[in-house]
Novice: 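I'd like to ask you about the structure that follows.
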Amino acid sequence: PNSDARPKKLVIGEPALPKTWKENYRQNIRTVLNELGYEPPIFFHEAFAVYQYYKYAEKLIPGNGKQQNVLIIDFAT
C-alpha cells in the first residue's frame, strides 16, 4: 500500500486514570506514535470517545471523499 494512504493523525481513547497515570499514558502513546511517523494524536476520554469522534470528526479529520476505516483497539484487564 501507498504510505500516503496512512493517516497522519490518530484519535486515541484515553482510559479513566488518575492524573499522573493519564499523563504517563499520553506521553507513552505520543512517543510510540512519533517513532512510527505519526503526528501527535488527539485524545478523547474513553467513556465518550466514540461520541466525541462522531461529533468532531469533520473538524478533526476532514473527509477526503473516500471511505475511511476506523480501527478500535480496546485493552482491558
Novice: Which value, rounded to the nearest 0.5 Å, describes the distance between Leu10 atom CG and Leu33 atom CG?
Specialist: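 Rounded to the nearest 0.5 Å, the CG-CG separation comes out at 5.5 Å.
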Novice: Mind checking whether Tyr38 and Val32 have side chains closer than 4.5 Å, heavy atoms only?
Specialist: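 No, too far: nothing below the 4.5 Å cut-off.
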Novice: Heavy atoms only: give me the nearest Tyr25-Gly13 pair and the separation to one decimal.
Specialist: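 Closest approach of Tyr25 to Gly13, heavy atoms only: OH-O, 3.0 Å.
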Novice: Which is it for Val11 and Phe43 under the side-chain contact (heavy atoms from CB on, under 4.5 Å) test, yes or no, and what are the steps along the way?
Specialist: CA-CA 6 Å; Val11 177; Phe43 289 97; over 6 Å; no
Novice: For residues Ile12 and Phe44, determine if any side-chain heavy atom of one lies less than 4.5 Å from a side-chain heavy atom of the other.
Specialist: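 No, every pair of side-chain atoms sits at 4.5 Å or beyond.
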Novice: Enter the distance from Asn24:CG to Lys22:NZ here, rounded to the nearest 0.5 Å.
Specialist: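 That separation rounds to 12.0 Å.
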Novice: Is the backbone N or O of Arg30 less than 3.5 Å from a side-chain atom of Asn34, with the two atoms forming a donor-acceptor pair by type?
Specialist: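 No.
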